[in-house]
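All values reported here derive from a predicted model rather than from experimental measurement. The sequence lines fix the lettering, A, B, ..., with proteins before strands; numbering per chain opens at 1.
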Amino acid sequence: MPELPEVETVKETLKKIVLNKTIKEVKVYYEPMIVKPSPNEFISQLENQKIIDIKRKGKWLIFELDNYYLLSHLRMEGKYQVKDLNYPVNKHEHVSFVFDDFELRYVDTRKFGRMYLQNKETAFNESPLSDLGLEPWDNNLTKDYLKNKYKNKSLPIKTLLLDQSIITGIGNIYDDEILFASKINPFTKGRDLNDKQLESIITNTKIVLEKAIKKGGTTIRTYESSEGVHGRFQNELLVHTKEICPICGSKIVKTKINGRGTYYCEKCQK
DNA sequence: CAGGTCTCCTGCTAGC
DNA sequence: TGCTAGCAGGAGACCT
């Protein structure tokens, strides 16, 4: 599932393909994907808009257009693929952005992805972007910031790292990796974390995500590929989906925390 | 307010 | 072999 590093990779790849191109037409095949405005307005307002830039905040892709910001969240399986004009649409393609000489199709098997078309002036001050917390590299992400956010929390840190309103960009996979690198048990309640542990979480969040971005950046597949655009981080995982701890050799525990599959080493993560 | 539960959706897998 | 029930999961809605 695309988390911050994958979205970053997709963003950079898309820039090479659609920057400074003008959207001629938009086709929506699955309307619930368009949260705002109505699908009809979405289509008409995007017509003849040029893509000036592509940004990212958390897991949101942000296409900067002449008059709007187009927000796209890939959720579990969303991806973008380039297709020839009028190439037959398959059942998992839900939105198509038509350019002069190709179409950029949004593909999403589980249909969980969502798009918003926002006014440029207010986009960052309204939901969903305004609901997001700090990027991992934001200087305001400090031990004291986390201490304040976690002080009344009885929820496990595993769950809290997924809260996009505190730190944005972490998904279920990197969550496990960050806690493994920090040697913290995922069940630890937010309010019980000490200063050293909070510092460790901040440091390792940056390290893990930076490493993943570098990896994703080196393995972008060609856009024409049916694989779509994504990086390859699986080879780098130390604990998520693993069976043996690479540090101590113990059996990795696989459990569920608030409904999320969780992997950790009982011996290394206290 | 904090936290729990349900929902969306489809491909895959375990089990019979 | 073929079928189905159950599961996975990000984030918002809704309930307690």
Side-chain angles (χ1 to χ4, degrees), chain A residues 1-8 10-11 28-37 39 56-62 71-81 89-95 105-116 118 126-136 146-179 186-193 205 209 212 226-228 230 233-234 237 239-243 252-264:
Chain A
M1 57 244 53
E3 303 181 30
L4 188 154
E6 290 71 46
V7 178
E8 180 68 22
V10 170
K11 183 197 80 180
V28 175
Y29 305 109
Y30 181 71
E31 297 196 340
M33 196 137 280
I34 314 301
V35 179
K36 197 185 137 190
R56 177 194 60 72
K57 187 172 182 191
K59 303 178 197 173
W60 286 91
L61 270 176
I62 305 172
L71 315 184
S72 170
H73 197 303
L74 307 175
R75 289 285 184 90
M76 304 302 297
E77 307 193 1
K79 45 188 154 297
Y80 283 92
Q81 293 178 356
V89 177
N90 84 33
K91 65 174 178 177
H92 298 309
E93 297 174 349
H94 308 306
V95 181
R105 305 248 177 101
Y106 177 74
V107 186
D108 189 343
T109 310
R110 292 190 190 169
K111 299 179 174 171
F112 273 12
R114 292 293 179 264
M115 293 184 191
Y116 289 69
Q118 304 282 62
E126 64 186 312
S127 184
L129 295 185
S130 64
D131 300 332
L132 300 178
L134 301 177
E135 285 279 313
L146 282 188
K147 197 185 268 187
N148 185 252
K149 291 285 185 186
Y150 293 166
K151 65 184 177 191
N152 296 320
K153 301 287 189 184
S154 59
L155 287 172
I157 183 60
K158 162 78 184 195
T159 302
L160 292 171
L161 284 181
L162 292 172
D163 185 337
Q164 303 298 302
S165 73
I166 300 175
I167 303 174
T168 186
I170 300 170
N172 198 45
I173 294 172
Y174 293 120
D175 190 336
D176 284 356
E177 296 297 314
I178 289 164
L179 291 175
F187 285 99
T188 312
K189 291 174 170 40
R191 64 187 180 211
D192 292 340
L193 291 162
T205 295
L209 296 184
S226 61
E227 300 294 328
H230 56 256
F233 54 91
Q234 293 90 333
L237 300 179
V239 66
H240 192 85
T241 72
K242 300 297 174 185
E243 297 192 351
I252 294 294
V253 175
K254 183 184 180 187
T255 184
K256 266 197 176 208
I257 298 182
N258 277 31
R260 296 289 173 252
T262 301
Y263 295 79
Y264 73 106

Examine the side chains of A:Thr188 and A:Asp192 and answer whether a donor and an acceptor come within less than 3.5 Å of each other. no
Quick one: label A:Asp108 by what it contacts on the DNA or RNA (base, sugar-phosphate, nothing), any heavy atom closer than 4.0 Å. nothing
Over all strands shown, is A:Thr159 touching base, sugar-phosphate only, or nothing at heavy-atom distances under 4.0 angstrom? nothing
Side chains of [X] and [Y]: closer than 4.5 Å at any heavy-atom pair?
X        : Y        : result
A:Leu132 : A:Trp60  : yes
A:Arg75  : A:Arg110 : no
A:Tyr264 : A:Lys158 : no
A:Leu71  : A:Lys57  : no
A:Leu4   : A:Pro136 : yes

Pairing residues for A:Tyr150 by the ring pair (Phe, Tyr, Trp, His ring centres under 6.0 Å) criterion, not counting sequence neighbours: none
What pairs with A:His92 under ring pair (Phe, Tyr, Trp, His ring centres under 6.0 Å), at least two apart in sequence or on another chain? none
Considering heavy-atom distances to DNA chain B, does A:Leu155 or A:Tyr30 have its closest nucleotide positioned more toward the 5' end? A:Leu155
May I ask you to decide if A:Ile252's main-chain N or O and A:Lys254's side chain share a donor-acceptor pair within less than 3.5 Å? no
Stem ranges for DNA chain C, with three or more consecutive Watson-Crick or G-U pairs under 3.5 Å? B:2-16 with C:2-16
At under 4.0 Å between heavy atoms, which parts of nucleotides 5-10 of chain C does protein reach? Answer with one letter per nucleotide, 5' to 3': B base, S sugar-phosphate only, - none. ---BBB
For a 4.0 angstrom threshold against heavy atoms of chain A, report the outermost contacting nucleotides of DNA chain B in 5' to 3' order. B:dG3 to B:dG11
Tell me, please, which residues at least two apart from A:Lys36 pass salt bridge (Lys or Arg N to Asp or Glu O under 4.0 Å). A:Glu126
What integer distance in Å separates A:Leu4:CG from C:dA11:C1'? 16 Å
